[in-house]
Enquirer: 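First the structure, which I've put down as structure tokens, then a few questions once you've had a look.
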Amino acid sequence: MIPQLAAPSPSRPARPALGRRLPGDAGALTRSVTSLSLKIFKVVALSGVLSSCTTAGAWLSGGDPHHAISGLPDAAGWRGSVAAVAPGVPAPDPSSASPRQVAAFFAGLTDTQRRRLAAADPGVVGNLRGVPYSLRYAANAGTARQRTPGRLLGYDPRGDGRVIEVFGDLATARHIAVIVPGSGWDLGKIMHTDPRSSGQHNANPVVAAMALRAEMARLSPGTGTAVVVWLGYDAPEGIDRQAARSERAVAAAPALTAFLSDLPGAARITLIGHSYGTVVCGHALRGGGRADDVVALASPGMDAGSAGDLGTGARVWAARISDDLIGLTPHVRFGGYGHQTDPITPAFGARVFSTGAARGHGGYYSPGTESLANLARIALGRTADVSIAHPPATPLR
């Protein structure tokens with residue numbers, strides 16, 4: 001619940017708003033300045049309290065104290081592993097080889113050599129574009145410290161960690177949904193997910209993926225589907241300074257764009273971002289990310305003024321649950337903070353769909369809700385069956 005302001009005391013008349021005490025243009029100007037000031041204040045307030053390891057100087061400069069890790073794990077030993085497993089065969093450079101070159105390299109190995117290489121250097125084999133899906137799954141299964149309900153197409157335990165978890169047969173699926181989580185998610189939280197939990201209050205992406213695929217199967221039995229949780233980036237740690245800025249999303253976009261381009265060409269792709277994940281999706285789309293439909297859930301903005309600014313031919317959808325406090329986000333860009341236009345507003349131009357009885361920031365995939373049914377309809381390409389929000393959703397005030 002959002003607390004209500006107390007009514008003014010009967011013995012003391014309420015003072016009119018500042019803009020209303022000034023006539024004509026002066027009042028309008030003052031109201032505009034006051035509104036902008038409040039938005040700027042909310043940008044700073046929403047970003048939260050600085051962590052103990054962050055200096056005030058870093059806050060003002062927008063510097064990120066988090067050091068992202070580049071490259072693939074175990075890359076240093078890659079050439080040696082290839083030489084030991086397949087003497088005389090040139091090893092593709094993990095940092096520059098194209099997926100086609102990588103695929104050709106693995107196609108030239110025997111089954112025994114592929115398995116030995118996956119065991120010798122799982123960090124590269126399990127994460128390198130162009131490696132057959134089955135081999136990546138096997139390499140990551142041997143490295144991951146926890147068992148998961150899905151299969152790991154990517155696994156990097158360094159730093160906050162990165163993970164790509166697949167539900168369904170990605171190679172043969174006709175419809176693929178890719179879920180991009182937002183702030184507060186890292187490898188540890190993903191890997192320790194209890195698939196029996198509801199995910200109602202924490203936007204649990206693994207539970208979301210399982211619920212979405214189950215709903216797709218209910219609506220279209222026998223249709224080949226797959227749902228992917230893509231946490232191939234360093235998400236902001238929480239509702240903090242980095243969540244109000246775009247650096248993490250900009251850094252993530254090339255990897256998401258590349259992942260989307262590697263998906264089977266015959267499959268229909270739905271890209272679904274949640275919260276800060278929608279900012280990542282926005283930058284990936286502008287970078288040429290492939291999708292047939294794009295969904296912005298609980299979005300603070302996609303760093304775009306309108307759906308047209310995303311530069312995509314995909315249909316753009318948006319939704320926000322009525323009591324989701326992300327609606328308090330100020331949609332303004334100031335000093336590097338904020339993510340621009342609210343995707344659920346008419347000015348953005350997305351198709352806003354109904355969430356029905358879903359509740360909270362993490363309730364978009366709750367079983368039995370119109371929200372989950374609409375997501376499944378979009379992912380199946382049944383866009384004519386999607387229930388549109390009437391009247392259109394509005395931001396919290």
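Quantities reported herein were computed from a predicted structural model and do not represent experimental measurements. Numbers for residues simply follow the sequence, beginning at 1.
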Enquirer: Between the main-chain N or O of T341 and the side-chain N or O of T345, is there a donor-acceptor pair closer than 3.5 Å?
Expert: no
Enquirer: Can you confirm whether R268 is buried at CZ, in the sense that more than 12 heavy atoms of other residues, nucleotides or ligands lie under 6.0 Å from that atom?
Expert: yes
Enquirer: When you measure from the centre of the six-membered ring of Y137, is the NZ or CZ of R151 under 6.0 Å away and within 45° of the axis?
Expert: yes
Enquirer: Spell out, yes or no, whether V82 and F106 are grouped together once hydrophobic residues are joined by side-chain heavy atoms under 4.5 Å, including indirect joins.
Expert: yes
Enquirer: Within 45 degrees of the axis of the six-membered ring of Y155 and under 6.0 Å from its centre: does R162 put its NZ or CZ there?
Expert: no
Enquirer: Salt bridge (charged side-chain N to carboxylate O under 4.0 Å, His left out) with R382: which residues, sequence neighbours excluded?
Expert: none
Enquirer: Give me the atom names and distance for the closest heavy-atom approach of P181 to W230.
Expert: CD-O, 3.2 Å
Enquirer: Indicate, with yes or no, if L135 and V166 share a hydrophobic cluster defined by side-chain heavy-atom contacts under 4.5 Å among Ile, Leu, Val, Met, Phe, Trp and Tyr.
Expert: no
Enquirer: Is the shortest side-chain N to carboxylate O distance from K189 to D186 below 4.0 Å?
Expert: no
Enquirer: Show, in sequence, the C-alpha distance, side-chain angles and deciding distance for W317 and V352, and conclude whether the side-chain contact (heavy atoms from CB on, under 4.5 Å) test is met.
Expert: CA-CA 6 Å; W317 304 81; V352 181; over 6 Å; no
Enquirer: Take R359 and S322, measure what side-chain contact (heavy atoms from CB on, under 4.5 Å) needs, and give me the verdict at the end.
Expert: CA-CA 7 Å; R359 292 291 177 265; S322 60; 4.3 Å; yes
Enquirer: If you round to the nearest 0.5 Å, how far is CG of L152 from CD of Q146?
Expert: 9.5 Å
Enquirer: For G126 and N140, which heavy atoms make the closest approach, and how far apart are they?
Expert: O-ND2, 2.9 Å
Enquirer: Any side-chain heavy atom of Y365 sitting closer than 4.5 Å to one from P205?
Expert: no
Enquirer: What residues form a salt bridge (charged side-chain N to carboxylate O under 4.0 Å, His left out) with R315, not counting sequence neighbours?
Expert: D293
Enquirer: Using the rule that two of Ile, Leu, Val, Met, Phe, Trp, Tyr join whenever any of their side-chain heavy atoms come within less than 4.5 Å, decide whether V124 and L153 are in one cluster.
Expert: no
Enquirer: I'd like to know if L128 and L231 are part of one continuous hydrophobic network [Ile/Leu/Val/Met/Phe/Trp/Tyr, side-chain heavy atoms within less than 4.5 Å].
Expert: no
Enquirer: Checking side-chain hydrogen bond (donor to acceptor under 3.5 Å, both in side chains) for the pair S387/E370: CA distance, chi angles, key distance, verdict?
Expert: CA-CA 8 Å; S387 57; E370 189 68 4; 2.6 Å; yes
Enquirer: Hey, what do you get for CZ (R213) to CZ (R218), rounding to the nearest 0.5 Å?
Expert: 15.5 Å
Enquirer: Considering only NZ, NE, NH1 and NH2 on the basic side and carboxylate oxygens on the acidic side, decide whether R377 and D385 come within less than 4.0 Å.
Expert: no
Enquirer: For Y364 and D324, does a side-chain donor sit closer than 3.5 Å to a side-chain acceptor?
Expert: yes
Enquirer: Going hydrophobic residue to hydrophobic residue with side-chain gaps under 4.5 angstrom, can you get from V131 over to Y133?
Expert: no
Enquirer: Quick one: does T148's side chain get under 4.5 Å of E165's, heavy atoms only?
Expert: yes
Enquirer: Please examine the side chains of V316 and R351, heavy atoms only from C-beta on, and report whether any two atoms are closer than 4.5 Å.
Expert: no
Enquirer: Taking the side chain as every heavy atom from C-beta outward, state whether V295 and L375 have any atom pair closer than 4.5 Å.
Expert: yes
Enquirer: Just wondering, do V228 and I164 contact through their side chains at under 4.5 Å, heavy atoms?
Expert: yes
Enquirer: Show the numbers, then the answer: is there a side-chain contact (heavy atoms from CB on, under 4.5 Å) between D309 and F348?
Expert: CA-CA 9 Å; D309 292 341; F348 191 80; over 6 Å; no
Enquirer: Would you please test D169 and T172 for side-chain hydrogen bond (donor to acceptor under 3.5 Å, both in side chains) and show each step?
Expert: CA-CA 6 Å; D169 188 348; T172 62; 3.0 Å; yes
Enquirer: I need the minimum non-hydrogen distance between H331 and T329, along with the two atoms involved.
Expert: CD2-O, 3.2 Å
Enquirer: With no hydrogens and no angle check, do the side chains of R333 and S246 hold a donor and an acceptor under 3.5 Å apart?
Expert: yes
Enquirer: Would you say that S366 contacts L372 through its side chain, given a criterion of any heavy-atom pair below 4.5 Å between the two side chains?
Expert: no
Enquirer: Taking atom types as modelled, find out whether T278 and S299 have a side-chain donor-acceptor pair closer than 3.5 angstrom.
Expert: yes
Enquirer: Could you tell me the separation between the CZ atom of R129 and the CG atom of D262, rounded to the nearest 0.5 Å?
Expert: 4.0 Å
Enquirer: Restricting to non-hydrogen atoms, name the atom on P157 and the atom on R145 that form the minimum distance, rounded to 0.1 Å.
Expert: CB-NH1, 3.7 Å
Enquirer: Go through the steps for F259 and V178 under the test side-chain contact (heavy atoms from CB on, under 4.5 Å), then give the verdict.
Expert: CA-CA 10 Å; F259 175 77; V178 179; 4.1 Å; yes
Enquirer: Which atom pair, heavy atoms only, marks the closest approach of P73 to N127?
Expert: CG-ND2, 3.9 Å
Enquirer: Once you round to the nearest 0.5 Å, how far does CE of M210 lie from CZ of F167?
Expert: 6.0 Å
Enquirer: Any non-hydrogen side-chain atom of L285 less than 4.5 Å from a side-chain atom of L271?
Expert: yes
Enquirer: Grab the two heavy atoms, one from T369 and one from A357, that are nearest each other, plus how far apart they are.
Expert: CG2-C, 4.4 Å
Enquirer: Looking at D160, N204, V180, V163, which hits side chain to side chain contact (heavy atoms under 4.5 Å, CB included) with W185?
Expert: N204
Enquirer: For residues I388 and S354, determine if any side-chain heavy atom of one lies less than 4.5 Å from a side-chain heavy atom of the other.
Expert: no
Enquirer: Is the shortest side-chain N to carboxylate O distance from R241 to E247 below 4.0 Å?
Expert: no
Enquirer: With rounding to the nearest 0.5 Å, note down the distance linking NE2 in H274 to SG in C281.
Expert: 12.0 Å
Enquirer: Could you tell me whether a side-chain N or O of E215 sits under 3.5 Å from a main-chain N or O of A376, the two making a donor and an acceptor?
Expert: no
Enquirer: Can you name the residues that form a ring pair (Phe, Tyr, Trp, His ring centres under 6.0 Å) with H175, not counting sequence neighbours?
Expert: none
Enquirer: Using a strict 4.0 Å threshold on nitrogen-to-oxygen distance, state whether D342 and R320 make a salt bridge.
Expert: yes
Enquirer: How far does CG of D121 sit from CG of L72, to the nearest 0.5 angstrom?
Expert: 9.0 Å
